[in-house]
K.L.:
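Handing you this structure, nothing more for now.
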Amino acid sequence: MDPVSYPEDKRAMVEEALARFFPSPEPRAQTLYDAMHYSVFPGGKRFRSVLCLTACEVTGGKGDNALPTACAIELIHTYSLIHDDLPALDDDVLRRGKATCHVAYGEDIALLAGDALYAEAFQLVSALQESPPVVVVALLGELSRATGVRGMVGGQVVDLSSEGEQPDAATVNFIHEHKTGDLIAASAVCGALIAGADGEKVEVVREYGRRLGLAFQITDDILDLTGETAVLGKTAGSDRKLKKMTFPGVFGLDKAHELAEKAVQEAEQALGQLPFDTRPLRDLAWFVCQRES
Ligand code: GRG
């Protein structure tokens, strides 16, 4: 596959909307607010938000209508990064090229900043004006399921409990599917729901998102092994240090590359079932395994 470019126009839309939808400061909780703001700005790739906008447009919706939900997803994602970096979890000191939230603000504030971002995300979606109530409820259901015990938190707990365990394909698939894949799939699904896509098309988008999510985390594993801290903006080699269960650890580096590409091809195949011009979603899928950070 030829190199694909990232949709910087959509990233800019997300950036502008995040500044607009970010909660207003509460003077009595200024430090908390500062820690939340510090973690969200400047951000990373805004990949999940860009995916949500793209899925909405590709399935016939207006990208603008997906912006508040796309921002909510970024708040949830940032929450997961803050908590993931805490000493009780991965104990990382660098994120997005700067000190992690707990290093900058202390563990107590970092914990609460994550909690507050998660709550603000649901506040943002529940206040949507652009979508009918039935869609709002579906979005809330999607995002809560993707991040709960059957989603991101469930994946994260297996990630932690598998540290130092014997490499096992079923376990690493479970971790990647839930820790990372569920929120990525939900981002795409939310875009399709906002566009008003019917149930069948939403499920095709979900399948695309699940394969994409797997490819995203396999690539994350590969970059942790082969990338540089300065480019990644986070500490390279931390998976090995923590004895994490990863795709290169289970299958070897070459096979991990192959499996990431296979997952992208499967994502692309799923798109073939949609009666739309799906090229923007296909390009995003290939970006996932071509990315360097
Ligand atoms: C329920 C939200 C929530 C969290 C609690 C800590 C935790 C449970 C889950 C951790 C999930 C996690 C950190 C998964 C890793 C996913 C991943 C590959 C993160 C990096 O994403 P990028 O590359 O980062 O999109 P940027 O900085 O570009 O946003």
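In each ligand, atom 1 is the first atom listed, and ligand 1 is the first ligand listed. In this text, all values refer to a predicted model and were calculated from it rather than measured experimentally. Just the heavy atoms: all of them, side chains too, but no hydrogens, waters or symmetry mates, feed the values below.
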K.L.:
For ligand 1, indicate whether the residue Asp84 contacts it via side chain, backbone, both or neither (heavy-atom separation under 4.0 Å).
P.N.:
both
K.L.:
Ignoring hydrogens, just give me the one of Val153, Thr219, Asp159 whose non-hydrogen atom is nearest atom 5 (C) of ligand 1.
P.N.:
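Among Val153, Thr219, Asp159, the closest heavy atom to atom 5 (C) of ligand 1 comes from Val153.
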K.L.:
Do the rings of Tyr79 and His83 sit parallel, tilted or perpendicular, given the 30° and 60° boundaries?
P.N.:
perpendicular
K.L.:
Would you mind running through ligand 1 and noting each atom that sits below 4.0 Å from a heavy atom of Asp220?
P.N.:
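The atoms of ligand 1 under 4.0 Å from a heavy atom of Asp220 are 18 (C).
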K.L.:
If you measure from the Lys or Arg side-chain nitrogens to the Asp or Glu carboxylate oxygens, is any gap between Asp221 and Lys244 under 4.0 Å?
P.N.:
no
K.L.:
Is Arg210 paired with Glu266 through a side-chain N to carboxylate O contact shorter than 4.0 Å?
P.N.:
no
K.L.:
Would Arg46 count as a contact of ligand 1 if the rule is a heavy atom under 4.0 Å away?
P.N.:
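Heavy atoms of Arg46 never come under 4.0 Å of ligand 1.
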K.L.:
Has His102 got a side-chain atom pairing as donor or acceptor with Ile82's backbone, closer than 3.5 angstrom?
P.N.:
no
K.L.:
Among all protein non-hydrogen atoms, which one is nearest to atom 24 (O) of ligand 1, and what is the separation to 0.1 Å?
P.N.:
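Here the closest protein heavy atom is His77 NE2, 3.6 Å.
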K.L.:
Could you grab the distance from atom CD1 of Ile222 to atom CG of Asp239, nearest 0.5 Å is fine?
P.N.:
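Rounded to the nearest 0.5 Å, the CD1-CG separation comes to 11.5 Å.
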K.L.:
In the protein, what heavy atom is nearest to atom 27 (O) of ligand 1, and what distance, to one decimal place, separates them?
P.N.:
Arg96 NE, 2.9 Å
K.L.:
Heavy atom to atom 17 (C) of ligand 1, shortest distance: which of Arg48, Lys234, Glu74 holds it?
P.N.:
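Among Arg48, Lys234, Glu74, the closest heavy atom to atom 17 (C) of ligand 1 comes from Arg48.
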K.L.:
Donor-acceptor pair, distance only, cut-off 3.5 Å: does the side chain of Glu26 make one with the backbone of Arg28?
P.N.:
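Side chain of Glu26 to backbone of Arg28, a donor-acceptor pair under 3.5 Å: yes, one is there.
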K.L.:
To which protein heavy atom is atom 18 (C) of ligand 1 closest, and what is the distance rounded to 0.1 Å?
P.N.:
Gln217 OE1, 3.2 Å
K.L.:
Quick one: which of Gln156, Lys45, Arg291, Lys179 has a heavy atom closest to atom 28 (O) of ligand 1?
P.N.:
Lys45
K.L.:
Check for me whether the distance between the ring centres of Tyr33 and Phe22 falls short of 6.0 Å.
P.N.:
yes
K.L.:
In the protein, what heavy atom is nearest to atom 19 (C) of ligand 1, and what distance, to one decimal place, separates them?
P.N.:
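Protein heavy atom at minimum distance: Leu81 CD2, 3.8 Å.
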K.L.:
State, without any angle test, whether Thr147 and Tyr118 hold a side-chain donor-acceptor pair at a distance under 3.5 Å.
P.N.:
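Side-chain D/A pair, Thr147 to Tyr118: present.
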K.L.:
Note the single closest protein heavy atom to atom 16 (C) of ligand 1, along with its residue, its atom name and the distance in Å.
P.N.:
Thr180 OG1, 3.5 Å
